[in-house]
A.B. asks: 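Just passing along the structure, written as C-alpha cells.
Atoms within each ligand, like the ligands themselves, are counted from 1 in listed order.
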Amino acid sequence: MKHWLQVVVAVPAHSAIAGPLTYKSATALPPGTLVRVPFGRREVLGVVWDALPGSGDVAEDTLRDIAGALDGLAPLSATWRQLVTFTAHYYQRSLGEVALAALPPQLRELSSEQLARRLKRATPDTSHAENTTDLVALSAQQTCALAEFDLESSGQQRPALLFGATGSGKTEVYLRAAASVLAQDPEAQVLVLVPEINLTPQLQARFEARFAHLGKERVVPLHSGLTPAQRLKSWLAAHSGQARLVLGTRMAVFASLPRLRLLVVDEEHDPSYKQQEGARYSARDLAIYRAKLESDKAGQPHGICRVMLGSATPSLESWQATLTGKYQRLTLSERIGDDSALPTVRRVDMNHQPKRCVIAPPLLAAITERVARGEQSLIFLNRRGYAPVLACHECDWKSDCPHCSAYRVFHKSDRTLRCHHCGFTERVPRACPGCGNIDIAPLGRGTERLEEHLAELLAGVTRPCGGAVRISRIDADSTRLKGSLEAQLASVHAGEVDVLVGTQMIAKGHDFRHITLVAAINPDGALFSSDFRAPERLFSLLMQAGGRAGRDARHSQASEMWVQTFHPEHPLFEALKRHDYPDFADQQLAEREMAGLSPFGFSALMRAEAKTQEVAQSFLNAAAQAAQAHALPGHTHVTPYPAVPMTIQRVANVERAQMLVESPSRKALQAFLAAWQPLLFETRRQPEFKTLVRWAIDVDPMVI
Ligand code: ADP
Ligand code: ZN
Ligand code: ZN
C-alpha cells in the first residue's frame with residue numbers, strides 16, 4: 001500500500017514553490033518525520049508536514065518516492081511545526097525555507113545510519129538531584145519578583161517583563177525561575193535566549209555551574225559560533241529531551257524542545273534578536289508566540305509554558321505592553337550590594353569647549369585622575385577604523401568606494417582604505433589619485449584614531465607604580481582573529497589595561513569590575529536620526545555602558561558616566577542623568593503615539609535591489625499600484641508610501657530602494673501582505689523588471 005505525504009524542503013527564496021510537495025512512501029510516516037527526498041536531480045532533507053488521504057490533483061505516477069526517513073529521530077512536534085508555519089506566514093517567506101533553516105545544517109548531510117551513530121540514546125533524567133551549591137539569599141525584591149511570577153503561572157499566564165538595571169540581580173532571578181521549573185518536572189526544559197553569546201562567556205559559565213547537579217550535558221549552548229558538529233550535538237540533545245536547559249542566540253528560538261516550560265529572553269530590547277536576512281524574524285516576538293503555543297498544547301499539571309523577558313531598558317513595545325497590562329511587570333529597582341549606586345552622569349556641553357577638541361579638558365582631567373589612582377576607564381565611540389574618510393583639500397578628492405554610495409574608511413594599522421559595506425579594500429594611495437597632492441588627510445575620527453589621540457594626551461601620565469599608561473582598543477577590527485576578543489577581555493579583567501577604547505561591542509554584557517569611568521565621545525548623531533528607533537538604541541546603549549561602571553562596591557561611590565554633547569538639555573540626556581528609563585519611555589511613547597509609530601502602528605518595509613535605482617523604485621511602485629488595483633484585503637487600513645532610495649543607496653554596485661508600508665492594524669497589514677505576495681511575483685515577471693536582482697519584505701523592521 002502507498003502513502004502520500006506532504007513534505008517541505010528548502011527551496012530558493014523566490015521560486016514559485018511556496019508550500020509542501022507531495023511524495024509517495026511505502027510506509028506511513030507521522031507529520032514531523034525527517035525524510036530525504038529527491039528534488040530535481042539532488043536528494044535533499046525534508047520534513048513531513050502532513051499525511052494525505054490520496055495523491056490529490058497530482059497524477060499518481062508522476063509522484064516520486066521518498067528516498068528514506070531518518071527514523072532514529074522522533075518526529076518534530078506539532079508545536080514546532082506550528083511555530084514554523086506562523087513564522088513563514090508572518091514574515092512572508094516560504095515554509096520550506098523557514099523549516100530547513102531552523103534545523104542544524106549538518107542534519108542535511110547525514111544518512112540515517114550516520115545519524116544513528118551520533119544519537120546517544122537519551123536516558124530521561126529521573127533522578128531528583130538537589131542543587132548542592134550554596135545559593136545566595138535572594139534580596140527582598142528578587143523574592144517578590146519570583147513570587148509574583150509564580151502567582152501567574154496558575155492564572156492568565158501573561159508574558160512577564162523583568163525590569164531592572166544592570167547589576168540588579170536579573171540573572172539570579174532567571175536562574176531561580178529555571179531551577180524551579182526544572183525541579184517541578186523531571187522532564188521539563190528551559191530555553192534561555194541571549195543577544196550575543198560570545199560577548200558573555202561569564203553568563204554561560206554561571207548557568208552551567210548552577211545546573212551542574214543535573215548531570216553531564218544537561219545545559220547546552222546553541223548559536224552560530226559552534227562548529228557544525230557541536231551544533232548538531234546540542235540540537236539532538238534538546239530534541240531528545242536530554243538537554244534540560246538550552247542557552248542560545250536568536251536561532252535557538254526554533255530549537256526542538258519537546259517539553260519546553262520556560263522561555264527567558266535576556267536583554268529583550270537588543271536589536272540582534274531581529275534576524276536581518278532571509279526570514280527576518282524577531283526571536284523575542286517568536287518566543288512569546290511559542291510560549292503561547294506550548295501552553296495551549298499542554299493541559300497536564302506542569303503543562304504551561306511561561307516567558308520572562310528581561311532588560312534595564314526594555315523595548316518600547318514591551319514597556320507599552322506592561323502599561324496596558326498585557327504583560328506582567330516585575331521590577332528590581334535596586335542594584336545588589338550595599339553601595340553599588342548607579343554612576344553619576346556628567347554632561348559636557350561641547351558648545352563651551354575648545355573648538356574641534358575630541359576629549360574635552362574636564363573629561364581628560366577625569367581620565368587622568370583615574371589612571372593616577374590605578375582605576376580603569378572605558379571610552380566609547382561607535383565608529384571603527386582610523387577615520388571615516390580620507391580627503392584631499394587641493395582637489396576635493398575623497399575616499400569613495402567605487403562600488404557603493406559610501407566612503408571607504410581609513411584603517412591606519414594596515415594602511416588600507418576599506419569599505420564597510422562591500423568589503424572592497426585597497427592600500428592607501430601615496431598621493432591623491434585626483435591631483436597627485438601627497439598631502440591627503442583623514443577627516444573625522446574612529447576608534448583607532450581615538451586610541452592614538454588618547455595615547456598622545458596621556459603620554460605624560462603615570463600609573464601609581466610609575467609605569468606608563470596602557471591603552472587598549474576593542475572593536476570588530478581588533479577582535480577579528482578567533483580567541484582575540486577573549487584574550488583582550490581577559491587582560492582588561494586582569495587589570496592590564498588602564499583605558500579601554502571601543503565600539504558598542506564593549507558596552508554590552510561584560511562585567512568590568514574595575515571600571516569607574518565610562519565616557520561617550522560623540523553620541524549626538526542618534527538624537528536627530530531619521531530612524532525613529534535611534535533614540536531608543538542610544539538610550540539603552542548609554543544605560544548599558546553606564547552599567548559597566550561601578551559594579552564593584554569599593555569604587556561605585558566615585559563612578560561616573562560622561563557624555564559629550566552639543567545638546568546637554570536634550571530630554572534624553574535629562575532622563576539618562578536620572579537613570580530614569582520610565583521617563584524616557586514616556587517621552588518616546590508620547591511622540592510615537594502622535595506619529596502612529598510602533599507600538600501604536602505597524603509597518604513593513606518592501607526592499608528591492610536592481611542594477612539601476614530607477615528599476616528598483618519602479619518595481620516597488622508598480623507592485624503598490626497592482627495592490628491598489630486589486631483592492632487587497634486590509635487595503636483601506638494600509639498605506640504604502642512611494643519608493644525611496646535606501647540611506648546607503650548603492651552597495652557592491654547594486655542600487656537599493658525601499659517602500660514603507662504602514663497600518664494602524666497588525667491584522668490588516670498581515671492580510672494585505674499575504675495577498676500582496678503573489679502580485680509581487682507577478683510584477684517581478686514583467687519584462688521591464690528583468691534586471692531586478694531581488695526583493696524582500698521586512699515585517700516589523702528594526703531599522704528604517
Ligand atoms: P543582572 O543580571 O541584573 O545584571 P546579576 O544577577 O548578574 O544582575 O547580579 C549582579 C551581581 O550580584 C552578580 O555578581 C550576582 O552574583 C550578585 N547577586 C545577585 N543576586 C544576589 C543576591 N540576592 N545576593 C548577593 N549577590 C547577588
Ligand atoms: Zn587631490
Ligand atoms: Zn563598497
A.B. asks: Which is closest to atom 3 (O) of ligand 1 in terms of heavy atoms, Q142, K170, R176?
C.D. replies: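 Among Q142, K170, R176, the closest heavy atom to atom 3 (O) of ligand 1 belongs to K170.
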A.B. asks: Quick check: closest heavy atoms across F207 and V219, and the distance to 0.1 Å?
C.D. replies: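 So the two residues come closest at O-CG2, 4.3 Å.
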A.B. asks: What closest approach, in Å, do S234 and V220 show between heavy atoms, and which atom pair accounts for it?
C.D. replies: OG-CB, 3.8 Å
A.B. asks: In this structure, does ligand 1 have an atom that sits under 4.0 Å from one of the heavy atoms of G164?
C.D. replies: no
A.B. asks: Under 4.0 Å from a heavy atom of T166: give me the atoms of ligand 1 that qualify, with their elements.
C.D. replies: 4 (O)
A.B. asks: Could you tell me whether R306 sits above the aromatic face of F149, with NZ or CZ closer than 6.0 angstrom to the six-membered ring centre and within 45 degrees of the axis?
C.D. replies: yes
A.B. asks: So, for R578 and D583, which heavy atoms are closest and what is the spacing to 0.1 Å?
C.D. replies: NH2-OD2, 2.7 Å
A.B. asks: Can you tell me if A312 contacts ligand 1 (heavy atom of the residue under 4.0 Å from the ligand)?
C.D. replies: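 Under 4.0 Å: no for A312.
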A.B. asks: Once ring-ring contact (aromatic ring centres under 6.0 Å, His included) is applied, do any residues pair with Y581, and if so which ones, sequence neighbours excluded?
C.D. replies: F163, W319
A.B. asks: Between Q189 and R261, do the side chains contain a donor N or O and an acceptor N or O under 3.5 Å apart?
C.D. replies: no
A.B. asks: Assess the pair Y386 and H411: is the distance between their ring centroids shorter than 6.0 Å?
C.D. replies: no
A.B. asks: Would you mind running through ligand 1 and noting each atom that sits below 4.0 Å from a heavy atom of A137?
C.D. replies: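 That gives atoms 22 (C), 23 (N), 24 (N) of ligand 1.
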A.B. asks: Show me which atoms of ligand 1 lie under 4.0 Å from any heavy atom of A165.
C.D. replies: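 Counting from 1, the qualifying ligand atoms are 3 (O).
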A.B. asks: Counting from 1, what ligand 1 atoms have a heavy atom of E172 closer than 4.0 Å?
C.D. replies: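 In order of numbering, the contacting atoms are 6 (O), 19 (C), 20 (N).
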A.B. asks: Taking non-hydrogen atoms only, is T171 closer than 4.0 angstrom to ligand 1 via side chain, backbone, both or neither?
C.D. replies: both
A.B. asks: Using a cut-off of 2.8 Å, how many protein N, O or S atoms lie below it in distance from the Zn ion (ligand 2)?
C.D. replies: 4
A.B. asks: Can you name the closest pair of heavy atoms from R445 and L381 and give their distance?
C.D. replies: O-CD2, 3.7 Å
A.B. asks: Check the Zn ion (ligand 3) and write out every protein N, O or S atom at under 2.8 Å, as residue and atom.
C.D. replies: C401 SG, C404 SG, C419 SG, C422 SG
A.B. asks: Where do E448 and K412 come nearest, in terms of heavy atoms and distance?
C.D. replies: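 For E448 versus K412, the nearest heavy atoms are OE2-N, 2.8 Å.
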A.B. asks: Not counting sequence neighbours, which residues clear ring-ring contact (aromatic ring centres under 6.0 Å, His included) with H579? List them please.
C.D. replies: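 Result, ring-ring contact (aromatic ring centres under 6.0 Å, His included) vs H579: none returned.
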A.B. asks: Heavy-atom contacts with I336 under 4.0 Å: which atoms of ligand 1 show up? List them by number with element.
C.D. replies: 12 (O), 18 (N), 19 (C), 20 (N), 21 (C), 25 (C), 26 (N), 27 (C)
A.B. asks: Would D698 and K274 count as a salt bridge (charged side-chain N to carboxylate O under 4.0 Å, His left out) if you check the C-alpha gap in whole Å, the side-chain angles of each, and the deciding distance to 0.1 Å?
C.D. replies: CA-CA 10 Å; D698 186 354; K274 185 82 155 75; 2.7 Å; yes
A.B. asks: Contact between I379 and L450 at the side-chain level, heavy atoms closer than 4.5 Å - yes or no?
C.D. replies: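 Yes, their side chains come closer than 4.5 Å.
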A.B. asks: Any sub-3.5 Å donor-acceptor pair from Q376's side-chain atoms to V497's backbone N or O?
C.D. replies: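 Yes, the answer is positive, given that a donor and an acceptor are paired below the 3.5 Å cut-off.
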A.B. asks: Taking C-beta and beyond as the side chain, do W562 and V518 meet within less than 4.5 Å on heavy atoms?
C.D. replies: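 No. Closest side-chain heavy atoms not under 4.5 Å.
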A.B. asks: Of Q141, R335, E267, R206, which has the heavy atom at the shortest distance from atom 7 (O) of ligand 1?
C.D. replies: R206
A.B. asks: Looking at OG of S413 and CG of D477, how far apart are the two atoms once the value is rounded to the nearest 0.5 Å?
C.D. replies: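 Spacing of OG (S413) from CG (D477) equals 7.0 Å.
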A.B. asks: Which of the atoms of ligand 1 are close to S139, meaning less than 4.0 Å from one of its heavy atoms?
C.D. replies: 23 (N)
A.B. asks: Hey, does V136 come in under 3.5 Å of ligand 1, counting only N/O atoms on both sides?
C.D. replies: no
